[in-house]
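What follows is one structure encoded as structure tokens, with my remarks underneath.
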Amino acid sequence: MSDPFATPEEEKSAVRRLRGRLASPVTLWTAPGPAGLTVSSMLVADGDPGRVLGLIDEESELWDAVEMSGKFAVAPLAPADRQLADRFAGLMPSPGGLFVGQTWQQTDYGPVRAGLWAGCRLVSSRPCGWALLVEGVIETISADAPTAPLIHYRGRYRELG
């Protein structure tokens, strides 16, 4: 089933077509406020300390909350989280707010669900393309049993395996 509102392939920019052919992890970024946003343009840089980098919308409520608090949490989403990803991406209605209907633990980094997540301290941000490149130092990681990741590829969610 195709999206009748999607930009036809031949009308997409070459950069957008390239980006669409790269598989990306689907993550949920949250911050005190609470605020949250689905982010697929991100990576984790190993080091001492480890870092998280991501491209987010400068006009998003998430950025306002991150800028105000100086902290944020990043959690990879699983295949069962497709609707949650759509809700935080603004693609699905969220009556009562983004954080309704799930069990959230309040942390200094923002609300998180049980499972794997990283608590980050904001160290820098700068314009990058049509987004804001946000860099955070990982201050804490909460790990749980490993689960398969949710992947975004060619405009759709995918699963590994």
Side-chain angles (χ1 to χ4, degrees), residues 15 18-20 22-92 94 96-153 156-161:
V15 172
L18 171 64
R19 186 186 69 195
L22 300 174
S24 302
V26 181
T27 62
L28 179 61
W29 289 36
T30 60
L37 185 67
T38 302
V39 178
S40 290
S41 297
M42 62 88 52
L43 61 90
V44 176
D46 199 359
D48 189 18
R51 295 175 186 264
V52 169
L53 296 102
L55 294 173
I56 64 170
D57 182 350
E58 185 175 12
E59 296 179 6
S60 68
E61 289 181 17
L62 174 71
W63 173 242
D64 291 342
V66 170
E67 193 173 33
M68 175 90 54
S69 67
K71 295 184 176 186
F72 59 96
V74 175
L77 295 181
D81 296 323
R82 291 170 189 242
Q83 286 188 343
L84 185 70
D86 280 349
R87 182 172 10 151
F88 278 86
L91 301 174
M92 186 174 177
S94 54
L98 293 174
F99 294 91
V100 170
Q102 297 278 323
T103 302
W104 299 94
Q105 173 189 350
Q106 298 303 316
T107 74
D108 290 341
Y109 303 95
V112 297
R113 298 179 311 150
L116 176 61
W117 61 272
C120 304
R121 179 178 39 85
L122 177 66
V123 293
S124 70
S125 66
R126 66 175 179 86
C128 186
W130 290 332
L132 193 64
L133 177 60
V134 174
E135 179 181 350
V137 168
I138 299 172
E139 295 187 326
T140 187
I141 295 180
S142 175
D144 202 353
T147 59
L150 182 59
I151 303 295
H152 194 262
Y153 177 71
R156 290 184 168 59
Y157 296 126
R158 310 291 174 127
E159 298 177 37
L160 294 180

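One is the number of the first residue; the rest follow in order along the sequence.
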**Item:** Minimum side-chain heavy-atom gap Val134-Trp63 below 4.5 Å
**Value:** yes

**side-chain contact (heavy atoms from CB on, under 4.5 Å) against Ala65, all qualifying residues, sequence neighbours excluded** = Ala31, Ala35

**Request:** Work out which heavy atom in Pro127 is nearest to a heavy atom in Leu132; give both atom names and the distance.
**Result:** N-CD1, 3.8 Å

**Message:** Once side-chain contact (heavy atoms from CB on, under 4.5 Å) is applied, do any residues pair with Leu98, and if so which ones, sequence neighbours excluded?
**Reply:** Arg87, Phe88, Ser94

**Asked** Take atom CD in Glu58; do more than 12 heavy atoms of anything else shown fall under 6.0 Å from it?
**Response** no

**Prompt:** Looking only at heavy atoms, which two atoms of Met42 and Val52 are closest? And how far apart?
**Reply:** CE-CG1, 3.8 Å

**Item:** side-chain hydrogen bond (donor to acceptor under 3.5 Å, both in side chains) contacts in which one or both residues fall within residues 68-81, not counting sequence neighbours
**Value:** Asp81-Arg113

**Message:** Between Asp108 and Thr140, is there a side-chain heavy-atom distance shorter than 4.5 Å?
**Reply:** no

**Request:** Just jot down the salt bridge (Lys or Arg N to Asp or Glu O under 4.0 Å) partners of Glu135, sequence neighbours excluded, or say none.
**Result:** Arg51

**Prompt:** Is there side-chain contact between Trp29 and Ile56, with heavy atoms separated by less than 4.5 Å?
**Reply:** yes

**Asked** Is Tyr109 close to Glu139 at the side-chain level, that is, under 4.5 Å between some pair of heavy atoms?
**Response** yes

**Asked** Is the side chain of Thr27 donor-acceptor paired with the backbone N or O of Val39 at a distance under 3.5 Å, no angle test?
**Response** yes

**Item:** Trp130 side chain reached by Asp57 side chain, heavy atoms, under 4.5 Å
**Value:** no

**Request:** Report the distance from atom CG of Leu28 to atom CG of Leu37, rounding to the nearest 0.5 Å.
**Result:** 8.0 Å

**Request:** Flag the pair Leu160 / Pro149 as yes when at least one side-chain heavy-atom distance between them is below 4.5 Å, and no otherwise.
**Result:** yes

**Prompt:** Partners of Ser41 by side-chain contact (heavy atoms from CB on, under 4.5 Å), sequence neighbours excluded?
**Reply:** Leu55

**Asked** What's the shortest heavy-atom distance between Cys120 and Val74, and which atoms?
**Response** SG-CG2, 4.5 Å

**Prompt:** Does Ala23 have any side-chain contact (heavy atoms from CB on, under 4.5 Å) partners at least two apart in sequence or in another chain, and if so, which?
**Reply:** Ile151, Tyr153

**Message:** I'd like to check Tyr157 versus Asp86 (side-chain heavy atoms, cut-off strictly below 4.5 Å). Are they in contact?
**Reply:** yes

**Prompt:** Are any of the side-chain nitrogens in Glu159 or Arg82 under 4.0 Å away from the carboxylate oxygens of its partner?
**Reply:** yes

**Request:** Locate the shortest heavy-atom distance separating Trp117 from Ala73; write the atom from each residue and the value.
**Result:** CE3-CB, 4.2 Å

**Closest approach of Ala85 to Thr38 (non-hydrogen atoms, all atoms of both residues)** = O-OG1, 2.6 Å

**Prompt:** So, the side chain of Thr30 versus the backbone of Pro111: is there a donor-acceptor pair under 3.5 Å, distance only?
**Reply:** yes

**Prompt:** What do you reckon, is CD of Glu59 surrounded by more than 12 foreign heavy atoms closer than 6.0 Å?
**Reply:** no

**Neighbour count above 12 (heavy atom, 6.0 Å) for Gln83 CD** = no

